[in-house]
Amino acid sequence: MATERASASLHHLHRLMCEVNADHDPESVLRLVADGVVDGVGFGVAAISYLRPDRMLEVVAVSGSSQASDQLLGRRRPLAELDEEFAVAETWGTLRFVAAEAASLPATGWVPEVDPLDGPDAWQPEDLLFAPLCASTGELLGVLSVDLPEDGRRPGRDQRELLEMYAVQAGIALDNARKHRQLEEQVRLADGVRSVHHAATSLLELGHVIDTCLAPIVAGLRCDAAWLRVFEGQGELPGRGRGAIHPPERTLVPPDRILAMAWRVALACWQAQSVGILAPDALPPEALSAEEVAEVLRFIARAGSNYVAVVPVGAGSDCLGYMVLSRRLEDGPWTDLEEAAGLEIGRDLGRAVLHARLFEREQRLVAELGELDAYKSELLATVSHELKNPLSAVLGYVELLEDDSAPGQAHEYRAIRRNVGRMTRLVDDLLLLSRLANPAQPVRGEPVDLGGIVRVVVDDMSVQASQRQIDLHLAPVPATICVDGEASDLERAVVNLLSNAVKYSPPGSRVHVTVRSDGATGLVEVRDQGLGISVADQAELFGEFFRSADPLARAEPGTGLGLSIVKRIAERHRGRVDVASELGRGSTFTLALPLTTQSC
Ligand code: ADP
């Protein structure tokens, strides 16, 4: 009988070792251990408990009596209770035996209803026999407890050794399961950190970053809730700044007193690059007293949470905010890996806060510049408008006076008229520029024949060109090159380019005008053999009031607004104007406008 039992036991143990090494699901291995202890070692009941992160032992496998299984499976008790039992236990190798008569605590588990045998080695219903289940490092991972030895006697050496062998295998299975969980945890945390990093680096608006990050933080760091608060400027009050809570239905909003505590912890933690843990059994973080920790824990207990982690959010030497994460007892305290992942997330969020601040400052600046630009345009329009009427009056009176003037004064009157004419042109240009810059006056588009416009302008300009002995030449114009826009503005753009070409060219030179299309764009090219423009001047050419420093160019009358008007017109028509020029050899200006599919 004994040899039969021994061979069954060895067979069982062999199977168990194969299963453990094959890295099977730990729960099925633990069940196999419990079955082996019952069938192979000879106990009526075997129960295995696993030590949870919250230091509770939870029964996860029971074999033998179904009554015991019903009563024990899933049962939890604090590790401290086991420690008390171990304190009075006899040490049997790695086993611990608590004789009924030595037990310090009343029996809380399952007590079999059997009559003990006679004799000093008889097993008593309240006897306890445990095999601690340890990792290879000696760390306690769980415990195997047995009851109801088949022979009714406290186990002898052989039975104990066999039991120890099963305990070793169960320890290995629990250790494997733990490593597996750690690996899973690493993957989960890496995923969480990655998604927060992605949101923090790709989103510019801070509110957006906060909204996007909180859910992955709660999932990744296994919290039941997270409060995030970041400050918009330096030295803000703890309750201010921008914050959010996840899950959003969490209505328990921390009062300012608790926020101030979190802020204190965050500041100290950012300095130390650590996470502040507030837990009933942990030392309080340096920045808080034990009473303050108790106050915070009482507060979060109202929502059913038991642990708090304060994760600082910062960049460089500045702490810019914090995350307060809460967790329930059953999820255990945060692991080192989770704390490291939390810190990483805090750094990412810190960078995001800095980016967002820069972005918001930039947005504000753009808005301010926009306002300034609108103000400038309005001022220009008003002043130009106000100048126009008096100028017309001056011109009218000059003409009247001129009629009655003495013959020697004709020269002075001509000078007055010339200058009034220049001022009128300047005012007209300014009025046009402010209309072109006014977003309330968009292009009233209609199909326009670009070739037709150029033909008219060349015609009109030919007298002026021949007066200056310039050969103005228009290359044959293709049938219709249709663009969408305002004919009068497009005509004005071509006039400005052509009059410049004539104005800045010496007598005897040629101005060549071409109109063509390159499939999607209509192009007007004005090429002259004139003064040319230096590379430095080309960079500023299209700015308002720009006039070249070249004395030959300055000798010609001008306002410095002609090309800026061309540029505005081109851009309003979704086109562009470009220049290619060489000082002393001539310039080519090209106006490019998108073709329309409609016919003109
Ligand atoms: P304006 O001709 O009234 O001075 P524009 O804005 O039309 O103003 O031109 C700005 C400056 O660009 C001119 O003052 C001139 O120096 C230079 N420029 C423009 N077109 C030409 C050209 N075809 N050849 C040489 N210089 C030119």
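Residue indices begin at 1 and follow the sequence shown. Ligands are counted one by one from 1 in listed order, and the atoms in each one are counted from 1 as well.
Here the protein heavy atom with the shortest distance to atom 19 (C) of ligand 1 is N500 ND2, 3.5 Å. Atom 2 (O) of ligand 1 has its closest protein heavy atom at Y504 OH, 2.8 Å. Residue, atom and distance of the protein heavy atom nearest to atom 6 (O) of ligand 1 are L563 N, 2.8 Å. In this structure, the protein non-hydrogen atom closest to atom 12 (O) of ligand 1 is L541 CD1, 3.2 Å. Summary of contacts: the protein heavy atom closest to atom 3 (O) of ligand 1 is T559 N, 2.9 Å.
One finds no salt bridge joining R361 and E368 here, because no Lys/Arg side-chain nitrogen approaches an Asp/Glu carboxylate oxygen to under 4.0 Å. Using a 4.0 Å cut-off between a side-chain N of Lys or Arg and a carboxylate O of Asp or Glu, R568 and E544 qualify as a salt bridge. In summary, D191 and R188 do not engage in a salt bridge, as defined by a charged side-chain N under 4.0 Å from a carboxylate O. One finds a salt bridge joining E571 and K567 here, because a Lys/Arg side-chain nitrogen approaches an Asp/Glu carboxylate oxygen to under 4.0 Å. Look at R194 and D348 and you find no salt bridge, because none of the NZ, NE, NH1 or NH2 atoms lies under 4.0 Å from a carboxylate O.
Around atom 16 (O) of ligand 1, the closest heavy atom drawn from S548, G530, A501 belongs to S548. With G560, G562, P557 as candidates, the residue nearest to atom 1 (P) of ligand 1 on a non-hydrogen basis is G560.
Proximity to F546 (heavy-atom distance under 4.0 Å) selects the following atoms of ligand 1: 10 (C), 11 (C). For ligand 1, the atoms closer than 4.0 angstrom to any heavy atom of R547 are 4 (O), 14 (O). Each of the following atoms of ligand 1 lies closer than 4.0 Å to a heavy atom of L561: 6 (O), 8 (O). Residue-ligand proximity, D528 to ligand 1, at heavy-atom distances under 4.0 Å covers atoms 22 (C), 23 (N). Taking a cut-off of under 4.0 Å to the non-hydrogen atoms of A553, the atoms of ligand 1 that pass are 16 (O).
Residue V313 is tested with R229, M323, R351 for a side-chain contact (heavy atoms from CB on, under 4.5 Å); the sole match is M323. Evaluated for a side chain to side chain donor-acceptor pair (under 3.5 Å) with D489, the options H573, R444, R435 yield exactly one hit, R435.
There is a side-chain donor-acceptor pair under 3.5 Å between Q273 and R347. Checking D224 against S326 by side-chain atom types alone, a donor-acceptor pair falls below 3.5 Å.
At least one heavy atom of F589 lies less than 4.0 angstrom from ligand 1. Under the 4.0 angstrom criterion for non-hydrogen atoms, S587 is in contact with ligand 1. No heavy atom of N496 sits closer than 4.0 Å to any atom of ligand 1.
Of all the heavy atoms of I533, the ones lying under 4.0 Å from any atom of ligand 1 belong exclusively to the side chain. With a heavy-atom cut-off of 4.0 Å, K503 touches ligand 1 through its side chain alone.
No more than 12 heavy atoms of other residues, nucleotides or ligands sit less than 6.0 Å from atom CZ of R516. A 6.0 Å sphere centred on CD of E412 holds more than 12 heavy atoms belonging to other residues, nucleotides or ligands.
Checking only distances, S564 never comes within under 3.5 Å of ligand 1, N or O to N or O.
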